[in-house]
Every structure is written in C-alpha cells, then in structure tokens.
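Throughout, a chain's letter reflects where its sequence line sits, starting with A, and its residues are numbered from 1. This is a predicted model, so every value here is computed, not measured.
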Protein chains: 2
Amino acid sequence: MIKCLNCKEVSGIVKSGKSNGSQRYFCKYCKKYFTIKVDEQKKLKTKEGITIKDIAQKLGLGISTISRALNSSDEIKKETKKIILETAESMGYEKNLTAIGLVKQQSFNIGIIVPELKSDFYSTLISGANHILKNKGYRIYIMQSEESYKNEIANTNALIASRVDGIIASTTFETKDFSHFTRAIQKNIPIVFFSRVNNELKTPKIAVDNYLGACMATEHLINKGYKRIGYLGGGKDFNIGNIRYQGFYDTLRKYNIKFQNKFILREDYIIHNSSQYIHQYLMSKNRPDGVFTMTDTIGIEVLKTAKNLGIKIPEDLGIIGFSDHIVSRYISPSLSTIRQPTMEIGMEAAKGLINLIDNRDDINIEFEYTTLLKPELVARDSTNKL
Amino acid sequence: MIKCLNCKEVSGIVKSGKSNGSQRYFCKYCKKYFTIKVDEQKKLKTKEGITIKDIAQKLGLGISTISRALNSSDEIKKETKKIILETAESMGYEKNLTAIGLVKQQSFNIGIIVPELKSDFYSTLISGANHILKNKGYRIYIMQSEESYKNEIANTNALIASRVDGIIASTTFETKDFSHFTRAIQKNIPIVFFSRVNNELKTPKIAVDNYLGACMATEHLINKGYKRIGYLGGGKDFNIGNIRYQGFYDTLRKYNIKFQNKFILREDYIIHNSSQYIHQYLMSKNRPDGVFTMTDTIGIEVLKTAKNLGIKIPEDLGIIGFSDHIVSRYISPSLSTIRQPTMEIGMEAAKGLINLIDNRDDINIEFEYTTLLKPELVARDSTNKL
DNA sequence: CTGTTAGCGCATTCAG
DNA sequence: CTGAATGCGCTAACAG
C-alpha cells in the first residue's frame, strides 16, 4: 500500500494525476506530493474466483447446464448434476450474488432499522432476524436511527438507494409520519415492522402483546400492595405508548383501584430529557407509591432520581418498566420489568418479510396482519415490597 | 401476498409446481395444497428505477456520455455534464451499485466483525467506522462472533463468499489461529484490525494504547492507597491481555510495590465461566486489597462476587476495569475503568481500510502499521477509597 | 435433458 | 469531447 514518502502517513494519500510512467500522490497530512513509478506496481489482480464458465469448460458442458445444476431445478439429469456439483465444490466455486442480482433484479440484501444497537433488546432482535435471513441467503444492512426521525428517513432512503429486497424496522418514538416507508413500498420494497409497530401502514407487524404486558405490570404492582399507582410514558401520538397506557388503565379499573390523573405523565419529553420533569413529579406532596413506566429507560431514570431524593425503593416507591434493558438487572435496586420474547419477534419478522418477497408479484391478495407474542413478568427488587 | 386458503397462515407458504393456468401452493402449517389462478396475479413489476439509458434517450445522447457525466471524469464538456446531471436529478436517477459492482469487480460492501453488538463499546466502534465508510459509498455488513472462534471463522467465510471489498475485525478472546483471515487476504480482501489486535498478520491495526491504559489503571490504584494489588485476566495466549498485564507489572515495579504471584490470575476461564474461580480468589485468607481486571466484564463479576461475600468496596477491595462497559456506570458501586476513544478507533480503522482498498494493486509497497490512541481514566466509586 | 443466445445496468476501450 | 461496441457472471427463454 502507499505510504507517504515524507511523513509515512498512510490514510490520507490521494492519487494526483500521472506523469510519464509514474503515479503522483498527494499526502493530506504533510501537504506534499510524491511520485512512485508505475512499473513497480505489478498489478496482481487476484482471480475473482472461478465462474460457471470455468466449470463448463473443464467439463465440456454449456454454461446453462452448470447453472441448472447449481440451482437444482429438475430439468437436468441426476448424474450430470452430481458431477457438476462435485467439480464445482472441488474447484472452490462460489456463486456471484452480484451477477445473479443483476439478472434477477434482486440484491439479496435486507435492511434492518433499529433505534439503537447497544441494547440487549435490539441486538437480540437482529440476531433472531439474522438467523432466519441468512438461511435464506440474505445478508443484512443494519441501520441505527438513534431515536431520531431524521435519521430514520435518511436510513430508509439509503436502503432504497441500495435497492434492498426488503426492510424490517422499528420506528423511533418521534415517528408520526410514515411517508418514507410508503416511498419504499411504492418502489416494491416490502416492509415488516417489529416491536414498535403502527397502524398507519398496511404491512405485517410483529410485536409483543403490549396490552397484555402492561396489564401484567400493573397487576404486579397491585399484587405487591401498591395503592396509589402512576404511569409515565411518551405522548399520545405514539401507538405503543397508547396501548401500554390502555392496559394500565384497564387493569386499574378491573381491580377497582382509584385512578388519579395527577399520577399520570404522558409527554414526549419524558423519553428524552426527562430528569427535571421526573424530579418535579416525584417532589409533589402527593406522589404515587408505585409507577409503571412505558420503558425501562424511563424506569431507570425514575429510579435514579428517586434514590437521589432519598425516596426508598421499593418501600416508598415501587417501579416496574418494560423491555428488560441490559442495565435493569445491574442497577441497584434492580428494576422489575416485562420481558419480551425478543428472539422470536426477530424471527417472525424475518419470516414475514421473506414471505412478502417470495410473493412480491401476487398483487391482488391483500396482506396485512399483526402477530402478538406473549410477554413475561420479571419481578426484581424495585417492586419487592412484601 | 399469499395467504393459505385453509388456515390463513402466511409465512409457511411455498410454491409447488404449476397446473394449467394456475399456481399451486403448499402450506406448511395445515399441510394442505391450494391453487390460485395465475391470470389473477397481474404482475406489477415496479420499474426498477430509471437507468442511464433512459437519460441518454431523453437527452438524445449516448450512454457512455451519461456515464462520464455521472462519474465526473474530465473528458466531458462542462455544459453537457451540467445538463446531464440536472436531468438525472430531475428524473430521480439513482445509480445501480449492483451493475457497477459487476463491471468493477467490487461490491461496495465492507464486513465488520465484532464480538458483540449490545455493548456501548462495539456499537460506537461501528458508528465510527460507518461514519467514514458511508461517505465513501460503502455499506456495511455487521457480523457478531459472540466471542466464539467458530463463529468468527463462519463470519469471515460468509464475508469472503459475499465478496466484500474489505474487512474490519475485532477478534475473539479465543482466536489464536488467524488462517481464516489469511484466506481473505489471499483473495485480495484487505483487513484492518481494531481494538483487539494481534501480531500475527501484516495488516493495519488500530487500538487504544493498552499498555498506557494498564499503567494508568494500576497507577490509579496505587494513588488511591491500595497496597496489595492483584490482576485478573485471560490466559497468556491473548495479545491484548499480555500487553495490559505488562503495563500492570511495570507500574508495580516503577512504584516499588511488592509483586505477589498469588494475586495474579491469568487464565482463559476468567473470561467465560469465572464465578467460582473469582469466588475462590476472593476467599483466600490473604487476598489483595485492590485489583485491576483485564476487562470491565471481569471487573463486574469481581464486584458482584465481592458484594455477595460481604467484602466492602472500595474500602476493603478496590476494583478497576478496562473499556467502560455500559453497565459499569450503573452498577453499585459504580466501576472505575479505562475509557477508550472508541469512535476514533472506528474511524481510523475505516480510513485505513479505504486506503488499502484504493491502493489494492500497488503490491510491492509494504503495508503494516499500528496506530495507538490515548485512553482516559474514569474514576468511579469502586476505587474511591480516600 | 442440454446448448445457444440475449440481456440485467453500467464502465470502458476503441474509433471517430 | 462523444458514440458504438464489448463484457462483467449469471439466468431465462428459446431451440434443439
């Protein structure tokens, strides 16, 4: 590789025209030009792997026969196929997805958009999807929206430009307009939503049963003896939040627990810069003795703030979140939560997407469904009152 | 899309031959066949976006002129170029990387192999690399080895088969044989190692200055007044571990602290199933009053075990790790650690790889270097003795 | 069953 | 400066 002859730097070198028989380079670091003779650069173009043509020549067959053998259609003699497969193997043949993609108008790439990578939750979701997709010959582009609507649009556009065969996505909390996804669908790129789903688009959606999970969480607080129960979550534009809130609300009713509006905080700012608001919430004279938070992240924030204020957990305040964030089990006291069947959600989403891709052309069959998977209660110290 | 006519299932439907004018399907769930008329499946083949041919036709030019304009070579009239670029824009042209890839024998895909995704550390590393790579038009396949040597090999092979243009990798703690990477290099796929580097392969390596970091960690323990200082880490085959241990050892010497062999635990099992060994280590009559652990993960394990044994942290035992794991700041007491300039490492690795790719053919210029970036001490409660 | 041919969308000689 | 022709590796009609 090229090192700058002056400062030895390697990563800021750019080609800068040719002079007779030599290649000129420019180093961005020391701002100097230098020259290397072209004839010293014996090109070694490693052979790009062998092709079906090579196999055909070796066996004295036509390339289409090789193609057929490799794609195991039934229109080929068994013996011929066997021979071809064996020699292909022995020659170390590997199919060129780029070439196949050009012919088939496919890229064999799937895009996955998640809010973040660093959580157990999303990385497991991806693992689940990957497990199914790789077996079907698809590769994955992972994109992070970082909970930003703008990034989500950019990611989606990048995936469209890359001509992915399909998209699996969890939207950000900010996403209220879905036209970027519509654009993908119009380009015949199918989409499946997982975990954070919506009612806007007619696509498959795979998620945990958020309603049931919220009911379980609320019920858990009630069972543990908490009486003045509150809820903290994002604003009312967010579908998942609404569903979880509904489960919370209905469960309170079911158990004849007094519903108090002042214990409810449903605002978008709770998701991002919540600390001052949570502080305020917990400082009020008449505060709840137990809260269900829309997410573990919010729950962790509440837990930290409460600790700072000297509020005893779980005695004076019980907290239960949703999603089992990686930090929840390590924080002190550990945070109770609702765990989702993450791996399964990922796998189901991938299966749904593959089905969409395989039947891309069967247009006049309507296609929209939602799969809800069962959540699981994880009781930890933050609600361990009794 | 296709729904089973019997059970309404959608994700287990496979095509099963054609009968005259109809497509037969088989549902894996209810094990039944059903048929849908082909002529009801008006194929809608959304036009795969417009091509340079379309632009050429519209403008009455040759396709090669369009190609030139798009690739901004200098062999084209400025005005022509301007017109072409504008109409391309207005027509919504997007270049087809699959086709370009076939011609140029490139995939515009880069593979990144990391031990895990769910940590702050690796996801930030990836973000850094992504930032550089996307600006250069590359997309990324992310692979997780999950700290398994076997997976690492499988990942590498998958990337080779996918004909990526380059690989950025952090090896597992188990990796002692690097022949899978050698295979990639032989296929002319350049590799850059980041974070967990090795001395086996002649490639660029980007990492934090592990020696310096270990010195800083050890020095911190000494400054905090710990006297009987120990080390826990993986076995002696692992390069990073050796370097960190060396820093630890040298610092002890430098400060004339008594080095005690019984305080040292350098075994591979510490990385995976360490709990019983750590338990044993902490139970010994004469145990250290301060430890530097090779990673935060080990440090967290020590911290948990010590707490269970009733050992007071930081009074009776100080602990400092390495890497600033996401959990470290949340665990109680919070874990002191050495933070790495993660984003930068990722960016440098990407720059190095791009340089390798761009100069792939300049073979007789040797290319091997190591870039070491400065670490940062993060003092938290687990060493806050004074 | 098998071989021949024609592209998929684009970059790149080679002639103007 | 610009256009026509070639081919990257492979699949899919189309003929045998």
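- Under the side chain to side chain donor-acceptor pair (under 3.5 Å) criterion, B/Asn130 pairs with no residue, sequence neighbours left out.
- Toward the 5′ end of DNA chain D lies the nearest nucleotide of B/Leu61, the other residue of the pair A/Ile66 and B/Leu61 mapping further downstream.
- Here the P atom of nucleotide C/dA11 and the CG atom of B/Leu102 are 12 Å apart, to the nearest Å.
- B/Ile50 places its CD1 atom 16 Å from the C1' atom of C/dC8, with the value rounded to the nearest Å.
- Between the CG atom of A/Asn96 and the P atom of D/dG7 there is a distance of 18 Å, rounded to whole Å.
- Across all strands shown, A/Thr98 has no heavy atoms under 4.0 Å from either base or sugar-phosphate atoms.
- In this model, no donor atom of one side chain and acceptor atom of the other lie less than 3.5 Å apart for B/Ser107 and B/Arg163.
- Residues B/Lys351 and B/Glu348 meet the side-chain proximity criterion, which asks for heavy atoms closer than 4.5 Å.
- One can place NZ of B/Lys53 at 10 Å from C1' of C/dC8, the figure rounded to the nearest angstrom.
- You'll find that the side chain of A/Thr80 is closest to C/dT2, out of C/dT2, D/dC10, D/dC1.
- Residue contacts shown for A/Ile100 are limited to sugar-phosphate atoms, with no base heavy atom under 4.0 Å away.
- Residues meeting the salt bridge (charged side-chain N to carboxylate O under 4.0 Å, His left out) test with B/Lys53, sequence neighbours left out: none.
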Under 3.5 Å, which N/O atoms of the protein pair with N/O atoms of nucleotides 12-16 of chain C?
none

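- Relative to the axis of its first five pairs, the axis of the last five pairs of the helix from C/dC1-D/dG16 to C/dG16-D/dC1 sits at 50°, rounded to 10 degrees.
- Regarding A/Gln106, its CD atom lies at a distance of 10 Å from the P atom of D/dA12, rounded to whole Å.
- When the P atom of D/dC1 is taken as reference, atom NZ of B/Lys78 falls 10 Å away, rounded to whole Å.
- One interatomic measurement links the two molecules: CD of A/Gln105 to P of D/dA12, which rounds to 12 Å at whole-angstrom precision.
- Under the rule for a side chain to side chain donor-acceptor pair (under 3.5 Å), the partners of B/Ser179 that lie at least two apart in sequence or sit in another chain are B/Asp177.
- The distance between atom CD of B/Gln57 and atom P of C/dG9, rounded to the nearest whole Å, is 12 Å.
- Under the 30°/60° scheme for interplanar angles, the aromatic rings of A/Phe108 and A/Tyr138 are found to be tilted.
- Distance alone, capped at 3.5 Å, places no donor-acceptor pair between the B/Thr156 side chain and the B/His180 backbone.
- Remark: A/Glu79 engages no residue in a salt bridge (charged side-chain N to carboxylate O under 4.0 Å, His left out) (not counting sequence neighbours).
- No option in B/Ile206, B/Ile110, B/Thr203 other than B/Ile206 meets the side chain to side chain contact (heavy atoms under 4.5 Å, CB included) test with B/Val192.
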